[in-house]
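Working notes, structure below.
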Amino acid sequence: MKWLVVLGVCLGLLSGVSAMTVEEFEAFKQEGLDKPVIRYADIEPLLQQHRQNPLFEFTELGHSLLGTPIYQIKMGRGDTKVLAWTQMHGDEPTATAAIFDLLKYIAAEEQASWRGSWMEQITLYIIPMVNPDGAEVNTRVNAQGIDINRDALALQSPEGRILMEAAKRIEPHYGFNLHDQNRFHAAGDAKNPATISLLAPAFNEARDINESRKRAMQLIAYVKPLIDREIPNHLGRYDDTFSVRSFGDTFSSFGISTVLVEAGGHRNDDNRQVPRRLNFLMYVKWLDGIASGSYRTADVADHDAIPFNQRGMKDVLIHNVTFTLNEQPALLDLAFDLDWEASRRARIDDIGDLSIFGAYHSFDAEGLHFKAGRAYRLTELLTLEQAQYIELLRGGYTHFIGDEELLRNNSRLPVLVNPTRRLPREALVRQQSATFLLRNEDGVQYAVVNGQVIELDRGRVMYRYGS
Ligand SMILES: [Zn+2]
């Protein structure tokens with residue numbers, strides 16, 4: 001009988017999260033959070049729903065500066081205390097989604113034996129969306145303009161005070177500081193985005209490793225095989241320069257074994273559902289490893305083997321463009337990114353030998369020559385059909401100037417009207433608008449319009465950017 005119970009527990013573990021496929025996760029994950037911006041209104045009904053569950057004990061810790069409640073959700077009854085918080089940067093919502101996946105998983109009836117296995121050992125405290133005011137307007141900072149993660153010493157933001165008071169009251173053994181990083185971080189030398197980056201923050205300038213920090217490094221080493229299996233060569237290590245004003249570093253100096261998780265970009269994953277899933281898988285694995293103590297067998301050398309983040313990813317890389325200046329032809333690579341946050345204007349980001357960089361989209365322009373585009377002046381109403389637009393592009397035009405109201409774009413292709421960035425003319429200069437033509441002896445083949453590459457033969461955009 002006892003043997004059967006052991007077998008049953010083993011089967012339960014085997015059929016658990018470690019075997020969860022992408023499809024199973026997609027079917028399981030919390031609905032309503034697969035979006036680029038997550039606001040308090042998105043999580044409010046979920047908070048209300050989980051609040052009804054006796055597994056979860058809710059405490060209103062206080063309010064954001066503009067009055068939105070900030071909750072702590074407590075579960076389990078073990079002596080080991082774990083504190084996790086999300087979205088202290090308002091425009092970094094990936095972990096908020098993953099935390100609601102975790103809550104859904106914990107609450108699932110099929111997981112009764114799993115949650116029982118760690119809830120005896122661990123008391124878990126979660127503070128989702130520390131910065132609801134920033135989330136509301138999709139900015140990093142709070143309503144005062146304060147970066148809450150640089151307010152751990154000054155504590156001038158109500159949100160920072162709430163987090164600090166929670167940590168001092170709970171005195172957690174483990175802290176999970178859950179963030180997003182920008183999509184241009186590469187996983188070391190790999191020409192891939194760092195879809196997940198991890199860090200055991202330093203607690204002093206010397207970046208010493210004490211017992212507490214070593215545990216954080218072991219927690220990272222413990223999940224490395226999982227990430228390597230799920231997304232090989234997409235794991236990075238975040239810069240461990242001591243940041244005296246940050247919460248992670250400050251908590252680390254309190255002796256809390258703190259892990260920073262940064263969700264990053266992934267190809268064809270505008271809403272960061274890949275790092276969301278990995279966050280969820282890591283949370284489950286960390287709960288298991290902390291409850292059983294098994295993470296303590298992880299080798300810090302595995303942590304040290306994770307390559308540091310490098311700022312290397314480009315949105316688009318065009319290789320081997322022939323560029324002729326002063327009658328001297330040269331082969332060069334062109335990278336451009338969309339300045340999404342600011343102006344949604346694509347700019348030329350780098351020029352020359354860019355073979356060391358990875359890109360979300362790339363193509364080889366061998367045999368194609370750079371050609372600067374001309375402006376088409378709008379003087380009367382122009383209803384632009386696709387064939388006519390492609391004729392204009394073939395004729396050397398790349399953008400329109402004049403009264404924007406005069407243009408009706410029926411082409412289903414992107415147009416650029418009254419560009420705010422300078423455009424390339426004879427010379428190519430960084431920070432210019434990514435708007436130009438690529439031609440061969442048969443004429444113009446591609447038009448790059450505000451960073452979007454139009455294949456003229458097919459009348460289609462090669463890459464669609466996310467929202
Ligand atoms: Zn952040």
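As the structure lists them, so they are numbered: ligands from 1, and atoms in each ligand from 1. Residues take their numbers from the sequence shown, with the count starting at 1.
Note on Glu92: counted as a metal contact of the Zn ion (ligand 1), an N/O/S atom lying under 2.8 Å.
Taking the six-membered ring for Trp and the full ring otherwise, Tyr105 and Tyr283 have centroids separated by 6.0 Å or more.
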Subject >> Stepwise salt bridge (Lys or Arg N to Asp or Glu O under 4.0 Å) check, Arg277 with Glu23 >> reply: CA-CA 11 Å; Arg277 183 173 70 88; Glu23 293 71 27; over 6 Å; no
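The Zn ion (ligand 1) is closest to atom ND1 of His179 (considering only N, O or S atoms). No other N/O/S atom of His89 lies as close to the Zn ion (ligand 1) as ND1 does.
No hydrogens or angles considered: nothing links the side chains of Asn142 and Ser157 as a donor-acceptor pair under 3.5 Å.
Under the 30°/60° scheme for interplanar angles, the aromatic rings of Phe25 and Phe280 are found to be tilted.
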